[in-house]
Peer 1: 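Before we start, here is the structure in question, set down as structure tokens.
Throughout, numbering of the chain's residues begins at 1 and tracks the sequence. The structure displayed is predicted, hence computed values, not measured ones.
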Amino acid sequence: MEEQNKPQSVFSPYSSADPSMNVPVTAGAAGAMMSPYLNFDPTYINPSADSQFIFPEGASRQRGRLELSFSQIGGSVFAGAAVGGLNGLYTGLRETSANQLTGAVRRTQMLNYITKQGASTAQTLGVVALMYSVFGVMLSFGRGVDDDYNTVVAGTSTGLLYKCSAGWNKCLRGGAVGLGLSTLYVLFKSSDKVKSIMDN
């Protein structure tokens with residue numbers, strides 16, 4: 001009997017005949033298996049179901065414009081760094097080849113082109129995204145609703161403000177670019193609605 005209660009090995013300190021290891025699995029309501037340690041029915045936890053979140057009563061089930069602005073600004077900075085870095089790589093390859101630079105001098109020049117253009121483009125896109133987000137959040141809070149109108153007005157205002165120091169012509173051109181891009185985004189986002197209207 002003592003040999004039966006001895007540990008099976010160094011890595012398994014408990015024997016299969018140890019009474020503390022003999023924990024019965026009980027049945028709950030309608031024969032459901034119950035957890036012996038936590039005393040709850042595991043069928044209440046359905047891992048295959050979609051994730052459920054608790055929202056305050058009356059709150060929207062989507063993230064608002066303020067919450068989305070952080071990811072938009074960060075994504076714009078990263079996208080600007082990537083595009084600027086690729087542009088700097090292309091420019092650096094072209095310029096160093098034209099100047100016939102080799103070795104460490106060429107590598108240094110390449111790094112200079114990549115980092116300068118990457119940082120410049122990242123800063124530009126980050127500032128544009130910040131202005132767009134600020135206009136969008138202000139319109140959303142001011143009007144009390146977040147709709148496509150806010151998107152178009154925020155895009156147009158961003159273009160106007162970004163180019164306002166370059167004179168009226170460039171200011172209006174920037175506003176037109178902002179209006180066009182925001183309108184294209186709204187149409188792309190609501191393409192299903194546009195198709196349904198066209199079909200009717």
Peer 1: Quick check: closest heavy atoms across Val137 and Leu66, and the distance to 0.1 Å?
Peer 2: CG2-CA, 3.8 Å
Peer 1: Under 4.5 Å between any side-chain heavy atoms of Ile73 and Met131, yes or no?
Peer 2: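 Ile73 vs Met131: side chains apart.
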Peer 1: What distance separates Arg173 CZ from Trp168 CH2, expressed to the nearest 0.5 Å?
Peer 2: 14.5 Å
Peer 1: Atom NZ in Lys189, atom CG in Asp148: separation rounded to 0.5 Å?
Peer 2: 4.5 Å
Peer 1: Please check if the number of heavy atoms outside Gln123 that lie under 6.0 Å from its CD is greater than 12.
Peer 2: no
Peer 1: I'd like to check Lys163 versus Val177 (side-chain heavy atoms, cut-off strictly below 4.5 Å). Are they in contact?
Peer 2: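 Counting from C-beta outward, Lys163 and Val177 never come under 4.5 Å.
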Peer 1: Measuring from Thr115:OG1 to Met110:CE, what's the distance to the nearest 0.5 Å?
Peer 2: 11.0 Å
Peer 1: If you group Ile, Leu, Val, Met, Phe, Trp and Tyr by side-chain heavy-atom gaps below 4.5 Å, do Ile114 and Tyr90 land in one group?
Peer 2: no
Peer 1: Do Asn150 and Phe135 have side chains that approach each other closer than 4.5 Å (heavy atoms only, starting at C-beta)?
Peer 2: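 When only atoms from C-beta onward are counted, Phe135 and Asn150 do not touch, as no gap falls below 4.5 Å.
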Peer 1: Please name the pair of heavy atoms, one in Val128 and one in Thr158, separated by the smallest distance, quoted to 0.1 Å.
Peer 2: O-CG2, 3.7 Å
Peer 1: Evaluate side-chain contact (heavy atoms from CB on, under 4.5 Å) for Tyr149 paired with Leu139, printing each intermediate quantity in order.
Peer 2: CA-CA 9 Å; Tyr149 178 76; Leu139 285 166; 5.5 Å; no
Peer 1: Mind checking whether Arg106 and Ser97 have side chains closer than 4.5 Å, heavy atoms only?
Peer 2: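 Of all side-chain heavy-atom pairs linking Ser97 with Arg106, at least one is under 4.5 Å.
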Peer 1: How long is the straight-line distance from SG of Cys164 back to CG of Leu172, given to the nearest 0.5 Å?
Peer 2: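 Answer for the CG-SG pair, Leu172 versus Cys164, is 11.5 Å.
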Peer 1: Over all heavy atoms of both residues, which pair between Gly136 and Ala154 is shortest? Give the atoms and the distance, please.
Peer 2: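 In terms of heavy atoms, the two residues are closest at N-CB, 3.8 Å.
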Peer 1: Looking at OG1 of Thr156 and CG of Leu179, how far apart are the two atoms once the value is rounded to the nearest 0.5 Å?
Peer 2: 4.0 Å
Peer 1: For residues Gly92 and Thr96, report the shortest heavy-atom separation together with the two atoms involved.
Peer 2: O-OG1, 2.6 Å
Peer 1: Going from OG1 on Thr121 to CG on Leu86, what distance comes out if it is rounded to the nearest 0.5 angstrom?
Peer 2: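 Going from OG1 on Thr121 over to CG on Leu86, the span is 10.0 Å.
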Peer 1: Compare every heavy atom of Tyr113 with every heavy atom of Gly88, then report the nearest pair and how far apart it is.
Peer 2: O-CB, 3.4 Å
Peer 1: Of all the heavy-atom pairs spanning Ser76 and Gln72, show the shortest one and how long it is.
Peer 2: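 Result for this residue pair: OG-O, 2.8 Å.
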Peer 1: Counting only N and O atoms by type, is there a donor-acceptor contact under 3.5 Å from the side chain of Thr91 to the main-chain atoms of Asn87?
Peer 2: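 Present.
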